[in-house]
Amino acid sequence: MNPADEILDIVDDNDRVLAQVPRGEAYARGLRHRCVFIQARDAAGRLFVHRRTPTKLVFPSLYDMFVGGVVGAGESYDEAALREAEEELGVSGLPRPEFLFKFLYDDGAGKSWWSAVYEVCCDLPVDPQAEEVQWHDFLTPDEVERRLGEWEWVPDGVAAYERLRAFRAAR
């Protein structure tokens, strides 16, 4: 299926479902929907970082420190988190990602989605989808911090990363 044809739940400011439309229409009209962000770490605590392919509908060719994506119509955040993590990492049998928090991402220019943030340990050999991931590696948290000022990152991922940093600091 073409990603633009995937049906999404359109939600309001309180994350209540209002309608269902194809993903391409949701993006074109700036309709609020749902996404999941999963921070994947290996057994050594390094973060999975990747560069998106140039064919992605949103934020092509940018770097991301999360795997994830849209939540399909009728799908729960938890279901989407496991599905997206396994798809993007190219693994099966991943432990269920742990839900951490949810926030509303809104760039003020038509990109707005409820964002559920998760974490998961992946000690399986990864084989990311070639149509989704152009480059990948596991980087130490310090290396990710250094790269924040050097690489061009997806803005919603940076927003989730900053919130995750604050979330962990408050624990």
Side-chain angles (χ1 to χ4, degrees), residues 1-41 47-62 64-122 124 126-134 136 153-164 167:
M1 173 198 302
N2 181 335
D5 296 331
E6 183 180 3
I7 303 300
L8 306 182
D9 286 331
I10 303 306
V11 296
D12 65 12
D13 291 345
N14 297 306
D15 198 18
R16 290 184 303 241
V17 176
L18 302 173
Q20 295 180 334
V21 302
R23 182 183 199 170
E25 181 182 342
Y27 287 0
R29 294 178 47 203
L31 301 174
R32 183 169 291 141
H33 53 283
R34 295 171 170 161
C35 289
V36 291
F37 294 75
I38 307 97
Q39 186 177 75
R41 291 177 181 263
L47 306 174
F48 180 83
V49 174
H50 66 284
R51 187 169 189 191
R52 297 163 63 90
T53 59
T55 56
K56 296 291 285 181
L57 290 174
V58 175
F59 310 132
S61 299
L62 300 185
D64 200 347
M65 66 282 283
F66 293 94
V67 294
V70 297
V71 178
E75 187 177 35
S76 73
Y77 284 106
D78 288 350
E79 291 166 338
L82 180 59
R83 176 183 54 77
E84 286 285 349
E86 288 189 335
E87 282 177 10
E88 285 196 28
L89 294 168
V91 300
S92 60
L94 197 64
R96 181 166 294 282
E98 178 188 351
F99 173 79
L100 301 175
F101 60 90
K102 188 169 75 167
F103 73 99
L104 179 60
Y105 174 79
D106 192 332
D107 73 352
K111 289 184 173 73
S112 177
W113 38 84
W114 276 101
S115 307
V117 178
Y118 292 78
E119 65 182 355
V120 70
C121 181
C122 179
L124 303 166
V126 298
D127 184 21
Q129 290 178 312
E131 55 280 354
E132 302 253 346
V133 175
Q134 180 176 328
H136 73 279
W153 297 86
V154 295
D156 60 343
V158 171
Y161 185 76
E162 290 169 352
R163 283 175 170 82
L164 180 54
F167 174 83

Take Glu131 and Thr53 through the test side chain to side chain contact (heavy atoms under 4.5 Å, CB included) and record every step on the way to the result. CA-CA 7 Å; Glu131 55 280 354; Thr53 59; 5.7 Å; no

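- The structure places CG of Asn14 at 9.5 Å from CG of Leu104, a figure rounded to the nearest 0.5 Å.
- For the residue pair Phe99 and Asp78, the shortest heavy atom distance occurs at CB-OD1, 4.4 Å.
- Contact of the Asp9 side chain with the Trp114 side chain is not registered, since no non-hydrogen atoms from C-beta on lie closer than 4.5 Å.
- Screening residues 88-103 for side chain to side chain donor-acceptor pair (under 3.5 Å) gives Asp15-Lys102 as the qualifying pairs, with residues at least two apart or on separate chains.
- Two residues are said to be in side-chain contact when any heavy atoms from C-beta on lie closer than 4.5 Å; Ser61 and Arg51 meet this criterion.
- Applying the ring pair (Phe, Tyr, Trp, His ring centres under 6.0 Å) rule to Tyr27 yields the partners His33; only residues at least two apart in sequence or on another chain are considered.
- To the nearest 0.5 angstrom, Arg23 atom CZ is 11.5 Å from Ile7 atom CD1.
- Between His50 and Gln134, the closest side-chain pair of non-hydrogen atoms is not below 4.5 Å.
- Within the 4.5 Å cutoff, no side-chain heavy atoms of Leu100 are placed close to those of Arg163.
- The shortest distance between side-chain heavy atoms of Phe37 and Tyr161 does not fall below 4.5 Å.
- Between Arg32 and Asp106, the closest side-chain pair of non-hydrogen atoms falls below 4.5 Å.
- Arg83 and Glu87 are joined by a salt bridge, as a carboxylate oxygen and a charged side-chain nitrogen come within less than 4.0 angstrom of each other.
- With rounding to the nearest 0.5 angstrom, the CG atom of Leu62 is 9.5 Å from the CG atom of Asp156.
- Applying the ring pair (Phe, Tyr, Trp, His ring centres under 6.0 Å) criterion to Phe167, with sequence neighbours excluded, gives Phe101.
- Closest of all the heavy-atom pairs between Ala116 and Tyr77 is CB-CD2, 3.4 Å.
- Between Ala73 and Gln20, the shortest heavy-atom contact is CB-NE2, 3.5 Å.
- For the pair Glu84/Val67, no side-chain contact is recorded, criterion being any heavy-atom separation below 4.5 Å from C-beta on.
- Between Val70 and Trp113, every side-chain heavy-atom pair lies at or beyond the 4.5 Å cut-off.
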